[in-house]
Structure formats: structure tokens, C-alpha cells
Amino acid sequence: MSSVFVGMPSLPVFGDGNLHIEEPFPAAAHRELGNTQMRANLRHATHTIRDKRLKVVGELPDWEELRDAGAATKNHVMANLPALLEEFEKNFTARGGVIHWARDAGEANRIVTDLVKEQDTTEVVKVKSMATEEIGLNDYLEQEGISAFETDLAELIIQLGHDKPSHILVPAIHKNRTEVRDIFLAEMPNVDPELTNEPRMLAMAAREHLRRKFLCAKVAISGANFALADSGTLAVVESEGNGRMCLTLPETLITVMGIEKLLPAKEDLEVFMQLLPRSSTGERMNPYTSLWTGVTEGDGPQNVHLVLMDNGRTAALADKYGRTALNCIRCSACMNVCPVYERTGGHAYGSTYPGPIGAILTPLLTGITSEENSSLPYASSLCGACYDACPVKINIPEILVHLRGEDVDSKRGEKKLPTQMDLMMKGSQWAFSSGKHLALLEKGLPLGKLAAGRDKKIKRLPGIAAGWTQSRDIPAPPSKSFRDWWKKDHEPAAASNEQEN
């Protein structure tokens, strides 16, 4: 058994790959808001999934207890991660599997590529995997002369359309069926030119296209939803059966998994097999759940590998406020209820992980000072809907506020000079600490009326406040404050009533 340190690093090793966004979220969101077709597609899809979820969750009288159990289990995993990883490695290797440890995306990509080349093949089939999307595995394999074929229908649509996923669970959620048909007609070999946009016909076209790949593939690459420490078992849940084909037919199976996906024991699956399908697709149970433990002679892949990847996870684990983001089971429930995601779509977030969970997970994996990633914690209204929907009770709003504070602190510089925000907060503290202070400031209300002009609107403010007026106007302040109005109109009447009594 190897000895690998996975605890709290003295100097955090941050992640790389498809985690570093190329432009700030506000700029990307502003552009995506103009895509009316995408917004219509997203609204229809997220509301459909949201309604289905509410129905099946409402059927369980112990739903909140299940959420508590899921949160407690994942918190236990994070508190005992080094020991659980060693236990998992011992059991996985004892059953014929081979484990490879990868510090970052580059190392993971090199390991997978070397394993594929050892099998003397230039083609692999893939099960839908967020981990391989995170490290940019497909692009890396292509540079090495290896073609990776996505077998999940939504991932296939994205791959053929030369696009990027915009949703954790449904990568092509921003496409409607007519757009999918057009992609198939343009990019899928030997497709029927009379193909319609009927979902059944689209699925049949994809099935025929993929069947040839399943039957001749020597190597399959997968992710994993869960890994059981007590038995060395891996689990993949999916809805189409393509995962089952990839996990059983090829001779070699390579799994790429983040180190946080562990569960202590098989009994824990009872909780998560109820939480995950209801939260993700609004189903009572998952259509296909595949579990495999090492190598079984004459049954399934005989060459089984697992790449256990850090890529910033120990850095996130070291953040005592943000570490619970690693509890995420990738259900996407937070995205389906988020008003910001519904209007901007996943591409605006720039990272493999969009939506509310991406707004905290991405900057935790890369560090809040990573180029444009510091804008992600602000991609939220802090309404709290994501926290209510999360099956493992990740307090996303609380972590967002924490990361905003980290961002502000990181921009103070070494001399820690006060920023405009610091001065505004200090001024607010002074103003609201005393009624006399507030009354003194209220004397300046007439100046606000002058600044508003004839149309009685303040359209531009200086400094940091300019961000507020960039997209909205401020009504002119009243001629007198509420306190002055109350004192003039009510206090004399109150005094008069006391004299009469």
C-alpha cells in the first residue's frame, strides 16, 4: 500500500484544468442574457425537473432526516479522509485493481493517456464524468492521437456540437430538440438525412451511432459517483444504460475520481440512493446503478485502474468554512432552483462546475485569487433556495459570503490599506450607531434632491457605488426624513392627547 499525504497542506496545492474562467462572471452573464433561445430552453427544463423533484421528495415523510444523515456522513468523510483513502486503497488493490494518485489535472491526464497507449489502441469510449471534464481529458487525449467518444446522449450532443456543458446533470440542457437534430445531421456519420426532431428518433440515431463503438472498444473511461472504503467498491449511476455497456464490455476500465467521493461503508448507499435520484432527475430510483469491486475472472474488464485525483481538493479541505463544498454529490438540485443560473446559463460561469455549487467549488479548488475566479462568489442573490434544495445541506449562501470576504481581503494589498468598501462600512457603522448621528446625516437630504435633477432620478454615483447605478436608477430622496415627518405630524398630537387625559 502506498503512503500518500492527503491532509491539510502547509501550502495549498490548487487545481488546474477547466476550472479557470476566462472572463469575469458579470461580463459573461451580460453576454449570455442576450441569448433568448437559451434562456427559454433553460427555463422550461429547470422548471420541469424542479416540479418533478418536489413531487417525489414530498412522498417521503423522513426527507429531512435523510438530508441530515447524508450531511453527517459526508462530514465524517471529510474529517477522516486520509484514513478512509488508505482503507479504500487497501481493499481496492486486494481485489485486483490498480490505484494511481494524481496531484493535479496534468498528472491525471498523463496517467490516463499512458494507460490507454499500453493497450495499443487509439479509441476509447467514455461514461459521463465531471472529473474528466474538469481536467480536460478529451482534449488532452486528442493531442496524443487518441479519440474519446462520449456515450451519454447529452455529452454526445455537446461533443458533436463542439460545445461545452452548461449543466452538471444535463450538459445539453441549453439545447432544444430541433437544435439537437441539426447537430446530428451536420456531425453524425451515416445519419438518416430525413431525421426528425422527435425524441425517440433522435435517441435511436444516437444508439445506432454508439453501438459500433461499444462493440469494438478495448478501453473505457469512467467517473464514479461513490467509492466504498470498506470494500473497495466503485459505483456509477446513470439513466441510459450506456454506462453499463462501458463498464462491462471493454477489456480495460480506467476510472478518474476526485478523492472526496468516498463513503465509509456499503450501508451508506441506502441514504444516498434515495437522496441522489430524487434531487437530480426527480425519480424515485435511478434506472441504472452499476457497482464493481476489482477484477472478476471471466466477467467484465480484466484490467481495472483508478486515478484518485486531488486537483485542489486538499486546498478546499483546508478551508474550515468552505470544506463542506466537497460534500457535493453532483445532483444539480441547486442549479435547478437558482434564479441567476436560470437566466444566465452554465456557460457564464466559465468552469466545469456552474451554478451555485460552482460559484463556491471552483474558487475553493483554484484559490480565490485565481485570475477571474474571484468574481464567481458574487454570482448569487443569496436567496437561499440552493441551501434548501441541497440533499446534503451544503450552506452555499454562507460559503459565498465567506469567499466574498476572502476576495475583499486578498485585494487589500500587503499594507492592508482600507478600501472604499471599508470606508463605506465604517461610515455606515457610525451613522447607525446613534440616532443623533443619523439625524445629522439626514440634514443632507435636500442635497440628494439637487443631485437627482429634474427627472428626480440619480443615474450615476461615484467610486464603488457606480456599480449600483450601472444597471438601475435611484429615486430622488424625500424632502424630509421619516423621523422629521413623524416628529412634526405625530408627536404634537400625541402630546395633546396626553394633556387632555
Side-chain angles (χ1 to χ4, degrees), residues 28-55 126 128-130 133 138 149-210 238-243 277 279-283 287 330-358 379 389:
H30 188 268
R31 182 187 64 253
E32 294 297 327
L33 283 170
N35 189 340
T36 55
Q37 182 62 64
M38 178 274 293
R39 293 177 64 185
N41 296 345
L42 271 179
R43 177 175 175 79
H44 172 74
T46 55
H47 281 245
T48 299
I49 299 172
R50 184 192 310 179
D51 293 343
K52 288 176 62 181
R53 175 192 171 275
L54 287 173
K55 181 180 179 180
K126 287 185 72 241
K128 180 181 180 298
S129 164
M130 296 301 295
E133 184 68 34
N138 288 9
F149 296 94
E150 296 289 353
T151 63
D152 174 83
L153 179 55
E155 288 285 359
L156 176 64
I157 293 167
I158 294 298
Q159 186 177 43
L160 292 176
H162 309 287
D163 200 354
K164 292 183 178 180
S166 64
H167 192 274
I168 288 177
L169 183 71
V170 193
I173 195 171
H174 57 292
K175 300 290 187 184
N176 60 35
R177 61 189 189 182
T178 299
E179 292 173 305
V180 172
R181 180 204 60 192
D182 294 342
I183 290 173
F184 281 10
L185 288 173
E187 301 289 341
M188 187 179 286
N190 304 317
V191 70
D192 182 356
E194 301 299 322
L195 180 67
T196 69
N197 66 356
E198 183 185 349
R200 176 175 172 272
M201 301 307 295
L202 295 173
M204 289 177 63
R207 184 181 298 123
E208 184 177 352
H209 168 71
L210 291 172
E238 37 109 10
S239 300
E240 301 168 15
N242 61 296
S279 298
S280 57
T281 56
E283 297 171 293
R330 308 293 193 265
C331 70
S332 76
C334 62
M335 301 167 65
N336 298 328
V337 298
C338 177
V340 177
Y341 172 84
E342 181 184 315
R343 288 158 179 80
T344 63
H347 291 160
Y349 293 82
S351 164
T352 291
Y353 303 106
I357 187 63

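Scope of the values below: all heavy atoms of this structure, side chains included, with no hydrogens, waters or symmetry mates.
The line from CZ of Phe149 to CD of Glu155 is 15.0 Å long, rounded to the nearest 0.5 Å. Remark: Thr48 OG1 to Lys52 NZ distance equals 8.5 Å, nearest 0.5 Å. Separating the SG atom in Cys338 from the CD1 atom in Ile357 is a distance of 11.5 Å, to the nearest 0.5 Å. Note that SG of Cys334 is 6.0 Å distant from CD1 of Ile168, once rounded to the nearest 0.5 Å. Note that CG of Asn190 is 8.0 Å distant from CD of Glu208, once rounded to the nearest 0.5 Å. Taking CG from Leu42 and NE2 from His167, the interatomic distance works out to 8.0 Å, rounded to the nearest 0.5 Å.
Checking side-chain atoms of Gln159 against main-chain N and O of His162 turns up no donor-acceptor pair under 3.5 Å.
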Side chain to side chain contact (heavy atoms under 4.5 Å, CB included) between His209 and Phe184, worked out: CA-CA 10 Å; His209 168 71; Phe184 281 10; over 6 Å; no

Derivation and outcome, salt bridge (charged side-chain N to carboxylate O under 4.0 Å, His left out), residues Glu283 and Lys55: CA-CA 9 Å; Glu283 297 171 293; Lys55 181 180 179 180; over 6 Å; no

Glu240 and Asp152: CA distance, side-chain angles, deciding distance, side chain to side chain contact (heavy atoms under 4.5 Å, CB included) verdict: CA-CA 7 Å; Glu240 301 168 15; Asp152 174 83; 3.4 Å; yes

Step-by-step side-chain hydrogen bond (donor to acceptor under 3.5 Å, both in side chains) determination, Asn41 to Glu179: CA-CA 11 Å; Asn41 296 345; Glu179 292 173 305; 3.3 Å; yes

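For the pair Gly345 and Met38, the tightest heavy-atom approach, listed with the atom from each and the gap, is CA-SD, 4.0 Å. Closest heavy-atom contact between Ala205 and Met188: O-SD, 3.7 Å. Considering every non-hydrogen atom in both Gly161 and Ile183, the closest pair reads N-CG2, 3.7 Å. Annotation for Ile157 and Ala172: closest pair CG2-CB, 4.0 Å, computed over non-hydrogen atoms. For the pair Leu153 and Ala206, the tightest heavy-atom approach, listed with the atom from each and the gap, is CD1-CB, 3.6 Å. The two atoms that bring Met335 and Ser166 nearest to each other are CE-O, 4.1 Å, heavy atoms only.
Contacts of His347 classified as ring pair (Phe, Tyr, Trp, His ring centres under 6.0 Å), with partners at least two apart in sequence or in another chain: His174. Taking the salt bridge (Lys or Arg N to Asp or Glu O under 4.0 Å) definition, one finds that Asp163 meets it with Lys175, sequence neighbours left out. Under the side chain to side chain contact (heavy atoms under 4.5 Å, CB included) criterion, Thr178 pairs with Asn176, Arg181, Asp182, Asn197, sequence neighbours left out. Residues meeting the side chain to side chain donor-acceptor pair (under 3.5 Å) test with Thr352, sequence neighbours left out: none. Looking at residues two or more places apart in sequence or on another chain, you find a side chain to side chain contact (heavy atoms under 4.5 Å, CB included) between Pro339 and Arg343, Ser381, Cys383.
Using a 4.5 Å heavy-atom cutoff, the side chains of Arg39 and Glu342 are not in contact. Considering only heavy atoms from C-beta on, Leu156 stays 4.5 Å or farther from Thr151 through its side chain. Side chains of Asn242 and Leu210 form no contact here, defined as non-hydrogen atoms less than 4.5 Å apart.
By the 4.0 Å N-to-carboxylate-O rule, Glu133 lies too far from Lys126 to be salt-bridged with it.
Screening Thr196, Leu195, Leu202 for a side chain to side chain contact (heavy atoms under 4.5 Å, CB included) with Glu198, the sole residue that qualifies is Thr196.
Heavy-atom contacts from other residues, nucleotides or ligands closer than 6.0 Å to NE2 of His44 number 12 or fewer. Counting heavy-atom neighbours within 6.0 Å of Arg31 CZ, excluding the residue itself, gives a total above 12.
Applying the salt bridge (Lys or Arg N to Asp or Glu O under 4.0 Å) rule to pairs touching residues 185-194 yields nothing, sequence neighbours excluded.
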